[in-house]
Q: 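Structure provided below as structure tokens; questions to follow.
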Amino acid sequence: MKTILHVVGARPNYMKIAPLMDALRAVPDVRQILVNTGQHYDEAMAKGFIRELSLPMPDRDLEVGSASHAVQTANVMIRFEQVCLEERPDLVVVVGDVNSTMAATLVAAKLLIPVAHVEAGLRSFDREMPEEINRILTDQIADLLYTTERAAADNLAREGVSSERIHFVGNVMIDSLLRHRHRAVPPAETLAREGLPAGFLDGPGGFGVVTLHRPSNVDEPASLRESLAILCAVAARLPLIWPVHPRARSNIERFGLAPMLSGVPIVLLEPQGYLEMLGLLANARVVLTDSGGIQEETTSLAVPCLTLRDNTERPITVEQGTNTLVGRNRERVLESVDEILATGGKRGRVPELWDGHAAERIAQHLAGWLPRRERTREAIHT
Ligand code: UD1
């Protein structure tokens, strides 16, 4: 029997681990353990996803919560090390680029436990993003690197990673999207649940969807003010629905910017569940975002996406998908919105292997890899 320990912690992790745990159930002699670091802890940011995606309840909850990057990372490390010493896994699986991903990888590597990183090799080449630091460090010390697009292998090669560690498998986040799309909640239902004015969606033009949470867009008063000004300008053309991340919500209040949004056709919602979000994205005329995952989801859904950043670690969504980088340039955003409203925008095509079977490919690879892994790592026992 081999033990695989999966790590989730923040909202974008759950939809990546769910299809993988599912696919690994078909591999004989594998025991799976789910560890939730608790980097996100609100019902809407964490536990709700566990239910919606039919993930098992976590076997371990580390309850690290919010803190500075150093404190949050350190707390994951201290608590995760204890779990590794008790469970002695044969493999630790981490996904994405959040602090929990990097912290768990560092712990496992020091205990000589192999690590598989799902969604490896993505690079924005912007080291001001905390996620970029997490990506680089995780990929340097993880053993198995599962990638979502071919460019990832070039990025890893430039950092000296040998090609035997890299496996191009496709996109597990899209596995979840394709699996659950038919259960997406219609936007009218989501808005009604939030007690919104009947008729908000009745206009002929449809609606746009917004998500913003990157430090570069919401953490400084000046940049958040500019983000809101951009949204207000867009809302003059198309009503917007904005499920607001807690970080952005608290900064709008803290910086006294709420009045900018009053009387503007922008509906602020609490963070939404996965199926509500799928319904909103699938029916939007345009999505404005700074999220990595949403750039991928809109490409899969063939919905035009304007990314309010200067770079993306997911270039395939621009080259092949529906994504356009518009930075934080108001003119550029408005031109792009006008074009999308006039022409429907980029239709794009679905990237290679974003076909709903990435998790199966990982499981198949691990089914061959696990029996070859010898437990020679005495450090685990000490
Ligand atoms: C984290 C990830 C980011 C990911 C995002 C998705 C890192 C470095 N960043 O950013 O890559 O795209 O999650 O949401 O790991 N908060 C709550 N409730 C919660 C969680 C957070 O209110 O359940 C608030 C707290 O005030 C907290 C703030 O949001 O301080 C930021 O949370 P944090 O986990 O530090 O980073 P995110 O911005 O969510």
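Just so you know, ligand 1 is whichever comes first in the structure, and atom 1 is the first atom listed for that ligand.
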Q: Which atoms of ligand 1 have any heavy atom of His69 under 4.0 Å away?
A: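 Every atom of ligand 1 under 4.0 Å from some heavy atom of His69: 8 (C).
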
Q: Please tabulate, one pair per line, all N/O donor-acceptor pairs under 3.5 Å involving side-chain atoms of residues 233-242, not counting sequence neighbours.
A:
| from | atom 1 | to | atom 2 | distance (Å) |
| --- | --- | --- | --- | --- |
| Arg237 | NE | Asp338 | OD1 | 2.7 |
| Arg237 | NE | Asp338 | OD2 | 3.4 |
| Arg237 | NH2 | Asp338 | OD2 | 3.3 |

Q: Please write down residue, atom name and distance for the protein heavy atom closest to atom 11 (O) of ligand 1.
A: Glu131 OE2, 2.7 Å

Q: Consider ligand 1: state whether an atom of it lies below 4.0 angstrom from any non-hydrogen atom of Ser250.
A: no

Q: When you check the side-chain N and O atoms of Gln295 and Thr312, is any donor under 3.5 Å from an acceptor?
A: yes

Q: Could you work out, for atom 22 (O) of ligand 1, the closest of Pro246, Gly96, Ala248 by heavy-atom distance?
A: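 Of the listed residues, Pro246 has the closest heavy atom.
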
Q: Among all protein heavy atoms in this structure, tell me which lies nearest to atom 7 (C) of ligand 1, with the distance rounded to 0.1 Å.
A: Gln39 NE2, 3.6 Å

Q: For atom 18 (N) of ligand 1, find the nearest protein heavy atom and state the residue, atom name and distance (0.1 Å precision).
A: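 Ranking protein heavy atoms by distance from atom 18 (N) of ligand 1, first comes Asp42 OD2, 3.0 Å.
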
Q: Please determine which of Met15, Arg183, Arg51 meets the side-chain contact (heavy atoms from CB on, under 4.5 Å) test together with Tyr274.
A: Met15

Q: Please assess Thr299 against Trp354 for the test side-chain contact (heavy atoms from CB on, under 4.5 Å), listing each intermediate value before the final yes or no.
A: CA-CA 10 Å; Thr299 276; Trp354 290 22; 4.0 Å; yes

Q: Out of Met129, His40, Gln72, indicate the one that has the non-hydrogen atom closest to atom 10 (O) of ligand 1.
A: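 Residue with the shortest heavy-atom distance to the ligand atom: His40.
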
Q: Tell me the protein heavy atom at minimum distance from atom 28 (C) of ligand 1, and give that distance in Å.
A: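 Protein heavy atom at minimum distance: Arg247 CB, 4.2 Å.
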
Q: Among Glu313, Glu159, Glu119, find the residue that satisfies the salt bridge (Lys or Arg N to Asp or Glu O under 4.0 Å) test when tested with Arg135.
A: Glu313

Q: Report the residues that fulfil salt bridge (Lys or Arg N to Asp or Glu O under 4.0 Å) with Glu86, sequence neighbours left out, ordered by chain and then residue number.
A: Arg60

Q: Check whether any N or O atom of Tyr41, backbone or side chain, sits under 3.5 Å from an N or O atom of ligand 1, and answer yes or no.
A: yes

Q: Please write down residue, atom name and distance for the protein heavy atom closest to atom 25 (C) of ligand 1.
A: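 I find the closest protein heavy atom is Ser66 OG, 3.4 Å.
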
Q: Closest by any non-hydrogen atom to atom 4 (C) of ligand 1: pick that one out of His245, His213, Arg11.
A: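 Minimum heavy-atom distance to atom 4 (C) of ligand 1 goes to His213.
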
Q: My understanding is that we take every heavy atom of each candidate and find the minimum distance to atom 6 (C) of ligand 1. Doing that for Pro12, Pro215, Ala10, which one comes out nearest?
A: Pro12

Q: Is it the case that Arg328 and Ser227 place a side-chain donor and acceptor less than 3.5 Å from each other?
A: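 The criterion, which ignores hydrogens and geometry beyond distance, is satisfied for Ser227 and Arg328.
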
Q: Could you identify the single nearest non-hydrogen protein atom to atom 8 (C) of ligand 1 and state the distance to 0.1 Å?
A: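 Nearest protein contact, heavy atoms only, for atom 8 (C) of ligand 1 is Asn99 OD1, 3.2 Å.
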
Q: Is a side-chain donor or acceptor of Gln72 paired with a backbone partner of Gly65 at a separation under 3.5 angstrom?
A: yes

Q: Will you find, in the side chains of Asn323 and Thr307, an N or O donor that is under 3.5 Å from an N or O acceptor?
A: yes

